[in-house]
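Inspection log for the structure reproduced underneath, given as structure tokens.
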Amino acid sequence: MAGVHVSTTINGDPVEFVCQPAEVLLDVLRNRVGLTGAKEGCGTGDCGACSVTLDGRLVCACLVLGAEADGRAITTVEGLASGGRLHPLQEKFIEHAALQCGVCTPGFLVAAKALLDRNPDPTVEQIRYALAGNLCRCTGYDKIVRAVQAAAAELATDAAQAGKSGKSKKTRKQTAA
Amino acid sequence: MRYEAPTSTKDAVTLLSRAKGSAFVLAGGSDLLVRMKGGFIEPDLVVDIKRIPALQEIRKTSTGFRIGAAVPCAAMGEHAGLRKAWPGVVEAANLIGSDQIQSRCTVAGNLCNASPAADSVPALVAAKAKAVIAGPKGRRTVPVEKVPAGPGRTTLGKGEFVEAILLPLPKGKTGDAYLRFTPRTEMDIAVCSAGVCLKLGRGGVIEEARVALGAVAPTVVLVPAAAKAIVGTKLDEAALAALTAACEAACAPIDDKRGTVEFRTEVAGVLARRAAKIAYQRAGG
Ligand SMILES: Cc1cc2nc3c(=O)[nH]c(=O)nc-3n(C[C@H](O)[C@H](O)[C@H](O)COP(=O)(O)OP(=O)(O)OC[C@H]3O[C@@H](n4cnc5c(N)ncnc54)[C@H](O)[C@@H]3O)c2cc1C
């Protein structure tokens with residue numbers, strides 16, 4: 001079977017790989033690119049453990065073909081921390097003990113980041129809807145929701161401070177409607 | 001399996017019509033990839049239509065909206081004009097799966113997957129949506145309800161695929177709504193569902209109506225008797241009772257773990273009644 005040659009961008013870095021035509025992005029990330037943050041839970045788009053973003057939209061990497069990634073931009077949980085510093089969501093998940101076994105955590109983090117990028121001040125209900133595609137079988141969801149709220153609050157404080165120091169407050173893109 | 005991502009409709013049609021063995025269109029893949037991974041299908045060719053520029057956009061035309069077959073349902077919810085004109089259709093499309101699925105799933109894929117429980121389809125049928133089909137003999141446009149033929153089967157011929165879904169511009173005082181029943185609030189398949197579109201005339205009297213039901217027959221069904229039951233009325237109690245009875249009479253559902261025949265039949269009537277009330281209010285009644 002002929003492999004498909006793919007040039008893509010992952011967490012800001014150009015990446016090339018050759019994959020089988022029917023190989024899903026999740027397997028490419030884990031087995032060919034060495035990014036094992038995204039996990040396989042169900043493999044059918046129900047659990048969200050493999051959540052990544054594709055051209056800015058949240059997707060399940062288990063339901064995307066690796067070949068589809070050509071020319072697109074992917075972010076995974078590995079792209080959340082920057083310069084050795086954890087993203088506020090990651091810090092708050094730790095502080096609030098919003099994880100036990102950890103298998104669902106990368107997916108929750110990526111999905112929560114996608115939510116906050118779109119809606120920096122979500123209500124509890126909005127958080128629960130936005131995370132409905134992510135399943136956790138250990139903690140229940142309350143701690144996760146609280147961690148997302150805490151991260152949103154911290155990001156808002158950061159943005160306000162950045163605003164005071166003269167930078168634009170509009171660091172987050174609102175989805176144009 | 002071969003993967004192709006043509007950049008024009010013409011190339012997609014050529015690939016699909018020349019394919020030896022089984023060929024499938026890939027839109028969002030939220031049904032196709034699940035079936036491939038489950039071993040239910042083994043495609044020889046997959047034609048990804050998301051690289052065809054004309055299929056990637058929602059375009060407002062002089063006659064309505066053209067939703068390209070590669071447009072993810074999330075983008076429908078982000079389109080203010082579409083939301084305003086067809087709130088029921090957009091709500092139905094946005095009910096499909098989670099945010100992860102919304103980024104990928106398309107209404108054309110929902111239609112062509114041909115599940116009787118497909119959420120966007122009753123709303124599209126009620127709204128008189130049409131499917132633009134491209135194929136080896138050129139293009140044809142058909143009412144969306146003509147596309148599914150039965151569970152998992154469509155009326156599309158070899159080499160044909162849906163390029164876009166067309167929605168008309170709502171005329172005068174028009175309103176639409178879609179409701180489904182699921183045991184869970186999110187991430188569940190409709191046990192049954194109803195889409196209603198109404199147009200009001202003078203004094204809030206219903207002039208035109210379309211009622212479509214999901215998951216109560218092998219395909220989504222348009223129920224003209226239900227529309228007839230409310231046309232000429234102001235959706236009073238008697239009209240609502242007649243609508244409910246007509247919907248119940250149109251139900252021929254299966255009995256399965258998600259719902260019995262009796263349950264689906266009764267709930268379909270209830271949903272149609274409630275959706276009609278919402279549509280009536282949205283139409284300005
Ligand atoms: C976790 C999860 C939750 C879901 N929840 C729901 C739900 O709540 N409600 C619901 O209705 N569905 C649900 N689905 C099913 C699925 O997401 C929808 O049916 C979706 O609309 C399919 O669109 P797609 O673009 O992903 O189709 P694809 O998977 O790409 O295609 C589906 C089928 O249609 C064919 N096809 C696709 N596009 C075209 C075209 N333009 N022309 C011709 N043939 C075409 C494909 O070859 C394939 O056979 C869910 C699926 C998952 C995985």
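Convention: sequence-line order gives letters A, B, ...; per-chain numbering from 1.
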Heavy-atom neighbours of [X] [atom1] exceed 12 at 6.0 Å:
X	atom1	value
Arg274(B)	CZ	no
Glu42(B)	CD	no
Glu95(A)	CD	yes
Lys60(B)	NZ	no

Option that, when pairs with chain B are counted at under 4.5 Å, heavy atom only, ranks first among [options]:
options	answer
Ala67(A), Gly107(A), Cys60(A), Gly45(A)	Ala67(A)
Asp70(A), Val4(A), Leu54(A), Thr53(A)	Asp70(A)
Asn134(A), Val59(A), Leu131(A)	Val59(A)

Relative to chain B, which segment of [X] carries a heavy atom at a distance below 4.5 Å: side chain, backbone, both, or neither?
X	answer
Val24(A)	side chain
Asp55(A)	neither
Leu65(A)	both
Ala111(A)	side chain

Smallest separation among heavy atoms of [X] and [Y], with atom names:
X	Y	answer
Asp99(B)	Ala130(A)	OD2-CA, 3.7 Å
Gln100(B)	Gly48(A)	NE2-CA, 4.2 Å
Ser98(B)	Gly133(A)	CB-CA, 3.3 Å

Per-residue contacts, residues 73-84 of chain A versus chain B, heavy atoms under 4.5 Å: none
Interface residues of residues 49-59 of chain B facing chain A - heavy atom cut-off under 4.5 Å: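 The residues closer than 4.5 Å to chain A, in numerical order, are Lys50(B), Arg51(B).
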From Asp46(A) atom CG to Ile101(B) atom CD1, the distance as rounded to the nearest 0.5 Å: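 Between atom CG of Asp46(A) and atom CD1 of Ile101(B) there are 7.5 Å.
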Which of Lys37(B), Gln102(B), Arg2(B), Met36(B) touches chain A most, by non-hydrogen pairs under 4.5 Å: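 The candidate making the most pairs under 4.5 Å is Lys37(B).
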Criterion salt bridge (Lys or Arg N to Asp or Glu O under 4.0 Å) on Glu68(A) and Arg104(B), from CA distance to verdict: CA-CA 12 Å; Glu68(A) 290 183 61; Arg104(B) 298 271 292 166; 2.7 Å; yes
Under 4.5 Å from any heavy atom of chain A - which part of Pro43(B): neither
Chain A contact via Leu26(B) - side chain, backbone, both or neither, heavy atoms under 4.5 Å: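 It is the side chain, since no backbone atom gets that close.
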Polar side-chain atom of Thr44(A) near backbone of Val34(B) as donor-acceptor pair, under 3.5 Å: no
